[in-house]
Amino acid sequence: MEKPKQIEGRPSRREFLRSSSVAALGGAVAAGLGRIPGAYAAGSDEIRVGLIGCGERGTGATVNVLSSAPGVKLVAMGDVFKDHLETSLGVLQKSEVTDKLAVAEDHRFTGFDAYQKVLALDDVNYVILATPPGFRPPFLKAAVEAGKNTFAEKPVAVDGPGIRTVLEVYEEANRKGLAIGVGTQRRHQTGYLETMKRIHGGAIGTITAARCYWNQGPIWVHPKQTDWSDMEWQIRNWYYFTWLCGDHIVEQHVHNLDVVNWATGAHPLSAVGLGGRQVRTAPEYGNIYDHFAIDYEYPNSVHVASYARQIPNCKNNVSEALTGTKGLCQVNKYTITGEQPWKMAGKDNLPYTQEHTDLIASIRAGKPYNELKQVAESTLTAILGRMAAYTGEEITWEQALNSQESLMPAKLEWGPLAVAPVAMPGETKLV
Amino acid sequence: MKRRGWLTFEVALFLIGAVAWTLSWLAEHQHARAQATAHSSAPAASSAASTLPSSEDLKPYTETIPGTDVKFEMVPIPGGTFTMGSPPSEYGHKADEQPQHQVTIRPFWMENFETRWDEYDIFAFSRDLLKKQPGASATTESEADKNADAVTRPTPPYEDETFGFGREGHPAINITHHAAMEYTRWLSAKTGKDYRLPTEAEWEYACRAGTETPFYYGSDPKQIGDYAWYLDNSDARPHEAGKKKPNAWGLYDMLGNVAEWVLDEYTKDAYQQAKPGMALLSPVVLPTEKKYPNVARGGSYDDEPQRVRCAARLASDPDWSQQDPQQPRSIWWHTDATFVGFRVVRPVEEQENLKGLRSKVKKYD
């Protein structure tokens, strides 16, 4: 289908009118207009952002999107907590993007249904989903149902049912012509892109093995306050509960596993893993592990060694490495050795901004891209590793994908909520 | 051999120091009045007449961070007057290095190496607290420890803070100016001594070690590889401290390796307030609640020789945290400043306007 031409990403008034009349004739183009809801009435291709999840990452993503392209405004915000929203707005007002804020009082929502209220606004055409990962599948589903272009933070789920939802959302977004970007920013980072171009061009031959790591110290923790209900505490301290976070192998290490899947063009067939909770044993650390070591089997008997640790005063390492028949690649160093040695010269870019620049450009060009499937697979790769470590069993890709265990509590409401038991290898079963 | 070298050096230092101190005392009294009007950021001369520090004060010494076995070396820097800045004719000169002007510096000690992770980790990751005996009560805790514990520790970083560049023996990098100042405050409480970042003037004075050339070894950029890790010999990474030749006062890596935080906020016209024929006494542009720009000195592994000069000034910038995915960005960790570190100094006698100085930076400002 021929798309109306655009000049520098922004149609003139005349061209816009022409595209509107074309739209009246062709269904696909009509869907294209629907891609930027409100564009018709406003007569512009302005991106009007609704932020859902106003923590420090959501606030950071908002600064990124508002800096990523001309004609972008923040018009709505939602968070389960009022203080999160107010702090975020205050930070944004003092930031370099303060002149791009247009969040009217009646466009600020708090509570469990805040996301629905943001999604119900006709003047929002681009949402950022930056809540804890456990909420991602239902929020993605609702965003696509509401016809919004979406930037979702990684990971995109914490369990098998969540992954299946996300894969359905992927198909539905494609049917509707909606753009979906996901915060695996290495896919938009110059150095990684240049390295992958060479890997896929055969610079190290056929990949025979890979290693990836996210070994670092601990991160923030919020012990329970007396005036917090169980639910409030768990959401505020979300990193330490599997139903919200997926455990650190999923929340953090997904980045490195995504690089391996990207390089190999595949996902694992099965995994065996070890893990445990040796240092972070106090109640404030909920029910997640503090270390994982996973042996993934990919097609053609390619094995991938994966390590993830959050323990203080140990050797740190955040990296990805590939072994091929003709050479080695230290992916995060943008370095290839062997038959075709190479090291990236030149500057890297700002991937956290670039991922919005690219997504917005795809929307404005009428060629929306959708990254949900690749990230759903990388997220399931991490969930598979967690399941292998939690159970002590060898778990297959299909078992992980078809798992019936939803980690989401039956009811989302303020009040008591028991902390699920810490998984125990040999006793915990895959459901 | 090394030992004897040190002893001779020590005696020489003492003599230089004693002479310089006398000179500086004279300079202080000669210029005090002009000072107060000419340079608002400089202190008025201390009214209490300074006494000549004893020889004891001017010896190098080893500091051991209490409760740990981590040590670092402090070398004495004699007081004196020097020419700060560079002439327009100098190789690599930039406008913010002029005019050249006279500055008088009081004696102090300076860390011979850039502060390494070995030292910084104790503060940043509370290694001193982890080492405490279980069951040790507040009453058995020393006063120094209580004061040190009152300094807020950095929030943990999200990434590997070394960026794969090595930890043991390597300079601490990606530390914000605020974090470096808080580290010195903690170190002071811990040791009971006044540690802080050097002022920009102290730093340049110590770097020059009596020289007036672009580099402390002379003028030839081709020789820089013997003294500094810079763009062409660094393999694009900082290196273990103390592997190159030191300057005449025993300071290693003042040029290159990592640029070093000084106390001063950066203003490009900082030297314009100097008046010809008058020495400024202990000038400093006090840091404010602004997160940027502050000054880092000495250039780094990532710089060409013209930026790795005694007079070269580097201003910090929000880009140094541009890959921080959070907002507000961390006030403790940069994400894009692998080329910046710091080292500590200890004044023999603290100047009035730096007493009790602490960072005013706040996360939500």
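In this text the structure is predicted, and so the values were computed from the model without any measurement. Note that these values count all heavy atoms, side chains included, but never hydrogens, waters or copies made by symmetry. The chains referred to below are lettered A, B, ... by the order of the sequence lines, with proteins before strands, and numbering in each begins at 1.
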Over all atoms of both residues, closest heavy-atom pair of [X] and [Y]:
X        : Y        : value
A:Lys333 : B:Phe163 : NZ-O, 3.8 Å
B:Pro156 : A:Pro218 : CB-O, 3.0 Å
A:Tyr352 : B:Gln323 : CE1-O, 3.2 Å
B:Pro157 : A:Ile219 : O-CG2, 4.5 Å

For chain B, the option from A:Asn332, A:Asn317, A:Leu350, A:Val318 that forms the most heavy-atom pairs under 4.5 Å: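 Among A:Asn332, A:Asn317, A:Leu350, A:Val318, the one with the most close pairs to chain B is A:Leu350.
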Chain B heavy atoms under 4.5 Å from [X]: which part of the residue, side chain, backbone, both or neither?
X        : result
A:Gln189 : side chain
A:Lys315 : neither
A:Thr353 : neither
A:Ser319 : neither
A:Gln185 : neither
A:Gln310 : neither

Is the number of heavy atoms from other residues, nucleotides or ligands within 6.0 Å of [atom1] ([X]) greater than 12?
X        : atom1 : answer
A:Lys82  : NZ    : no
B:Lys363 : NZ    : yes
A:Glu96  : CD    : yes

Selection from B:Gln322, B:Arg329, B:Arg167, B:Glu161 maximising heavy-atom pairs under 4.5 Å formed with chain A: B:Gln322
With B:Gln327, the side chain to side chain contact (heavy atoms under 4.5 Å, CB included) member among A:Thr62, A:Val63, A:Val97, A:Asn64: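 One option only clears the test, and that one is A:Val63.
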Check: B:Phe125 and A:Asn313 side chains under 4.5 Å, non-hydrogen atoms: yes
